[in-house]
K.L.:
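Please read through the structure below; I'll follow up with questions.
Residue numbers begin at 1 in each chain, while the letters A, B, ... track the order of the sequences. Note that these values count all heavy atoms, side chains included, but never hydrogens, waters or copies made by symmetry.
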Amino acid sequence: MTAQSLSRPLSSGQMPPARLLRIGATLLLIVAVGLFAAMAPGFATASNLADVAEQSTVLALLAFGMTLVVIAGGPDVVRGGIDLSLGANLGLCDALYAAMSNAGHGDGTSALVAVGAGAAVGLVNAVAIIRFGVPPLLATLASMNACAGLELVVTQNTVLTTDSPLLGIVAGPGALGLSTTDWILVAMTAALLLVMHATPVGLRLRAVGLHPRAARAAGLPVAAMGAGAYVAAGTLAGLAAIVQAARLSGSSPGSGDILLSVVLTSLLGVVFSRRLQPTIGGTLAAVLFIGCLVNGFQLVNVSSYWVNGIEGVLILSVVALRSLLQRPG
Amino acid sequence: MNDQAGEAALSLQGLVKRFGATRALDGASLVVRRGSLHGLIGQNGAGKSTIVKILNGLLQPDSGSIAIDGRQVVDASPRLIERLGVHIIHQEPMLVPGFTVAEALFLGDEPRLGAGRSPVVSWRTMRRCAEEAIASRFGLALRGDTPLDQLGAAERQIVQITRSLLKAPRVLVFDEPTASLVRSEANRLFAIIRRLREEGAAVLYVSHYLEEVRDLCDTVTVLRNGRDVATLDPARTSVAGMAALMVDRDLGAMFPTRSSLPGAPLLEARGLGRSGAFADLSFTLRAGEILGLTGLVGSGAKELVAALFGLAPADRGTLLLHGRAVMPASPSEAVGLGIGLVPEDRRRNGVALDASVAENATLPGLVRFVRRFLLDRGREQEAVRGLIARLAIKTPGPDAPVGALSGGNQQKVSLAKWLGTGATLFLLDEPTVAVDVAAKVEIYRLLADLAAGGAGILLLSSDLAELRGLADRILVMHRGRLVAELRAADATADEILTAASGGAAGSAPDGIAA
């Protein structure tokens, strides 16, 4: 029998590092918003904040998808769940919607094709990863490339301008002075929060991601749930594509160039959660944080290109902090 | 054998399981009766884990029959087995990290709001049921929302067991449940298991620890080479008797007889200390001597070994090696001085599992085989074959990956790598943990041979039988100080335990197996 040290409850005077990180991140968010409110004219107005939400909706839907994939695949950045194809999938679905719409198809058909294509990409990822055991990083890197190529096939690398009743509604005003896009964000957030926290799905997905053998021992369909997360993420990319089409009035090359922000917000969202785990709420906080940064920089006339640099630094910091916290001993 | 036990709850008859040419099970049978605690022992490779996997539904036997409560089971899937009431408490807990107690208990079977059919989970009910389940069965007040990582190993085991109990099990299988528990936690677990027996459960208890099995079980089945070679009453059998059945030879010669008289001082410590770890340590290790070292967690014994190998150097006192003052500041310096370490966690620190036996064995002294900047593979191979023969390492060949060897043979490779470097001082940290009896015997013989050849050996161990059987003297540490130096031949287990726990006589402290 070995003499072995055991994990013990933290002594009462000591702040758990996870909590410290969450408080620090929240403070940073408050400071950033406070700074912009003080320095940028018009930042802290209701209409501007509604704009921030509107501009963040596409990113939020993709980041929600990434969050589901990370929950079901495990938090390890290299071996765990990740979907690099989400951005390219968005671009492809956007182009498909615009092309279908321009070819004279109705909104219903065009939207179905766009969302269906997104789900299909998710299914391809799921089959490659769950059925054939390809590491998620590689499988989705490949499907990212395939999506980007297909998008070029559809658009011939040109801007597809399109207009349709559906896009008009999505971009148009909704209830309470908010745009329909704002309401889409609210509705999707609420729906996902409900599914992940009120039903057993969230708990079970976490089990599948963190300890698949335990999940199997508990009788859960581990493979199906893992696959479901990729399909759900692809479907969310398809939905985001319709919002994107409404915002851009069609599709333009490079519109799917959003991957880094998706990765960042799903990673950053972890520090806003109580147990340092990916959650829908944490991801939303991270998305709005990045949205405020972009918007605030614009208002104080700092080039938005700086935001890319800041995003890179944030990714490195979050991953480094998490590795530090998880290092044994 | 056990006349008061009830009808057969689990009956395995003539199980055969082949993997390629090897027979993992070769006609194994055992019967676990209701209200009895049935031990299953055997060396690594005897077929214990194959039986557990078959009971889990993860493997199908090639032939033989399984009956649960008298009903024949065919094509058992994990789900079917669980429905029939067989639950396995795995060695490695099947608990999701980051989950709370309540989440871990009810994963997959979450209480719902309303009539129980709604899709909405009632987290309140879940927490309350979890607290009640644990309190009613174990008298333990655990909050349902406590994260598992704030629990001790024994409490996590309790959560795991409660999870199985919630499903009203007919048969409970414990697979090495104490491997990660310290003594007091293990005792708590034994009390729990005994209570389960009183309540009429049929328990199959699989373990390496023969003392545990003897003290706990009503009946013991011994597996050897995939067959049940004996079913015996532990009250009428000694541990040595059980071990003898496992290895098919007498265990009287488990520890080699050592005749050599220790020679000149090889290592002398004078007032050695490292702040926060240990202080004022003075001792001498002579050439040809095996010096035992033991202590509880936090005694500083592990830290002393780390200091001697330059991992966390001492900051006070002097150290003489062959009469020369030294103080290794890094492992490479220690290796240069002829010091070798066989670390506790061999799979992580002792060997490179994916590298071959040859690569592992020659790694520290690789420079010996360099001729004009190039590695002389022929000479390396020759040296490796010599080491394999000398240590009796059971390997398909020098090029086989170490990960494919058994635990005992991995440990021999971990030791072999120092033999070629001309090391004279060997530091061993728990060298026989999770090593089967036969490999243990060989490692003991090897250490005795090394000492007879003039090497000095510092053996850090919590296995008192090992310390008393193998060492010449035993140093006992407590809270960073040397509290006792005992002659191994006269030392009793009580004496060692008493010293290690700081003189509080009588009580068996955590972490040391008597």
K.L.:
Minimum heavy-atom separation for B:Pro97 to A:His211, with atom names?
P.N.:
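Result for this residue pair: CD-CB, 4.0 Å.
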K.L.:
Heavy atoms, side chains only, cut-off 4.5 Å: are B:Glu110 and A:Arg204 in contact?
P.N.:
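B:Glu110 vs A:Arg204: side chains touch.
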K.L.:
Please classify the contact of B:Asn56 with chain A as side chain, backbone, both or neither, using a heavy-atom distance under 4.5 Å.
P.N.:
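Neither part.
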K.L.:
Mind listing the closest non-hydrogen atom pair of A:Pro200 and B:Val121 along with its distance?
P.N.:
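Looking at all heavy atoms of both residues, the closest pair is N-CG2, 3.3 Å.
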K.L.:
To the nearest 0.5 Å, how far apart are CD in B:Glu103 and CZ in A:Arg206?
P.N.:
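B:Glu103 atom CD to A:Arg206 atom CZ measures 4.5 Å (nearest 0.5 Å).
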K.L.:
Over all heavy atoms of both residues, which pair between B:Gly108 and A:Leu220 is shortest? Give the atoms and the distance, please.
P.N.:
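Minimum heavy-atom contact is CA-CD2, 3.8 Å.
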K.L.:
Run the side chain to side chain contact (heavy atoms under 4.5 Å, CB included) test on A:Leu203 and B:Phe99 for me, step by step, so that the C-alpha distance in whole Å, both residues' side-chain angles and the decisive distance to 0.1 Å come before the verdict.
P.N.:
CA-CA 9 Å; A:Leu203 185 69; B:Phe99 268 28; 3.6 Å; yes
K.L.:
Which atom names give the shortest non-hydrogen contact between A:Thr199 and B:Trp123, and what distance separates them?
P.N.:
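For A:Thr199 and B:Trp123, the tightest heavy-atom pair comes out as O-CZ2, 4.3 Å.
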